[in-house]
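Counting convention: from 1, in listed order, for ligands and their atoms alike. Here the structure is a predicted model, which is why all the values come from computation and not from measurement.
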Amino acid sequence: MTAPGWPASLRHGQVGLRPLRWRDASAWVEVRVRNERWLGPWEGRPESSPESSWVERNSAAVFASMLRASRREARAGRSLPFALTFEGRLVGQVTVSTVVRGAFDSASVGYWVDERVAGRGVVPTALALVADHCFREVGLHRLEACVRPENAASLRVVRKLGFREEGLHRRYLFIDGDWRDHLCFTLLREEVGRGVLRRWLVEQDQSQQSQE
Ligand SMILES: CC(C)(COP(=O)(O)OP(=O)(O)OC[C@H]1O[C@@H](n2cnc3c(N)ncnc32)[C@H](O)[C@@H]1OP(=O)(O)O)[C@@H](O)C(=O)NCCC(=O)NCCS
């Protein structure tokens, strides 16, 4: 069974997106374990889940069960679980989830990247590629990203790409030991003209030229 727009591989420069695969296990465990301090404050998990360490939650066994579940969701057209690569190495994930079709044609998107490559526009580039793919190939109309008001780096990402702020979801996700408020940002297909990536690259060029 295949779903619209999946599987897919996307690329711009050194930034790549492709389906996660079994041989990503050791790279995924290495990058996740090393980034505990960087990722921990922003990652949700069920309130009822038993106490466990970060290392336990990011083991090869956890990767295997995540990959099995995400492949099942992708085949059913409910998710697009991308591995994020930079210069050919696995550095993060961009996951389109909660895909709802019919009159809604909407999905949520989440992302993370290795601190070692943060600040180089890797996630904005990846998210722009994914948004264009979702609007063109998957046929979605709306993409939503929910961000904690404290997460300055992630707020920058959605604002750079022109996501619009729609409001505050109170106590929206269980993260780092409590229910956390999230700001909801959305992007609509008709807002992005000739594409999110193209628009963002043009804006970067213009801001570079105005500085010269
Ligand atoms: C949010 C995140 C995905 C951004 O990815 P990125 O590829 O670094 O995105 P950018 O390069 O556009 O950087 C975004 C902002 O991060 C901040 N930043 C850059 N380098 C940083 C660093 N080394 N440490 C902390 N913040 C940094 C800057 O404010 C930057 O904005 P600017 O470009 O206006 O200066 C990344 O910071 C991350 O993975 N954070 C932890 C997980 C997370 O928050 N996920 C999202 C949950 S909603």
Has ligand 1 got any nitrogen or oxygen that is less than 3.5 angstrom from a nitrogen or oxygen of [X]?
X      : result
Pro124 : no
Arg120 : yes
Glu115 : no
Gly119 : yes
Val123 : yes
Gly121 : yes

Specify the protein heavy atom at minimum distance from [atom]: its residue, its atom name, and the distance to 0.1 Å.
atom                    : result
atom 34 (O) of ligand 1 : Arg156 NE, 2.6 Å
atom 12 (O) of ligand 1 : Lys160 NZ, 2.5 Å
atom 23 (N) of ligand 1 : Ala118 CB, 4.3 Å
atom 45 (N) of ligand 1 : Tyr111 O, 2.9 Å
atom 37 (O) of ligand 1 : Trp38 CZ2, 3.3 Å

Salt bridge between [X] and [Y], side-chain N to carboxylate O under 4.0 Å?
X      : Y      : answer
Arg198 : Glu203 : no
Glu150 : Arg180 : no
Glu144 : Arg142 : yes

Considering the options Val113, Thr125, Leu129, which one meets the side-chain contact (heavy atoms from CB on, under 4.5 Å) requirement together with Leu84?
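The option that passes is Val113.
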Residue among Leu143, Val123, Val196 satisfying side-chain contact (heavy atoms from CB on, under 4.5 Å) with Leu161:
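Result: among Leu143, Val123, Val196, Val196 is the only option passing the side-chain contact (heavy atoms from CB on, under 4.5 Å) with Leu161.
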I'd like to know whether CZ of Arg45 has more than 12 heavy-atom contacts from other residues, nucleotides or ligands below 6.0 angstrom.
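Buried by this count: over 12 neighbours within 6.0 Å.
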Arg164, CZ: over 12 other non-hydrogen atoms inside 6.0 angstrom:
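No, CZ of Arg164 has 12 or fewer neighbouring heavy atoms, counting only those of other groups under 6.0 Å.
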Using a strict 4.0 Å cut-off to heavy atoms of [X], name the atoms of ligand 1 that fall inside it.
X      : answer
Cys146 : 48 (S)
Leu39  : 41 (C), 42 (C)
Asn151 : 43 (C), 44 (O), 46 (C), 47 (C)
Val157 : 4 (C), 9 (O)

Might you check, step by step, whether the distance between atom 27 (C) of ligand 1 and some protein heavy atom is under 4.0 Å?
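No, no protein heavy atom sits under 4.0 Å from atom 27 (C) of ligand 1.
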Please name the pair of heavy atoms, one in Ala3 and one in Gly77, separated by the smallest distance, quoted to 0.1 Å.
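The answer is CB-CA, 3.5 Å.
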For atom 17 (C) of ligand 1, the option (of Ala153, Ala145, Gly44, Ser154) bearing the nearest heavy atom:
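Result: the heavy atom closest to atom 17 (C) of ligand 1 is in Ala153.
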Would you mind reporting whether Asp114 and Asn35 have side-chain heavy atoms less than 4.5 Å apart?
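Heavy-atom side-chain distance check passes, below 4.5 Å.
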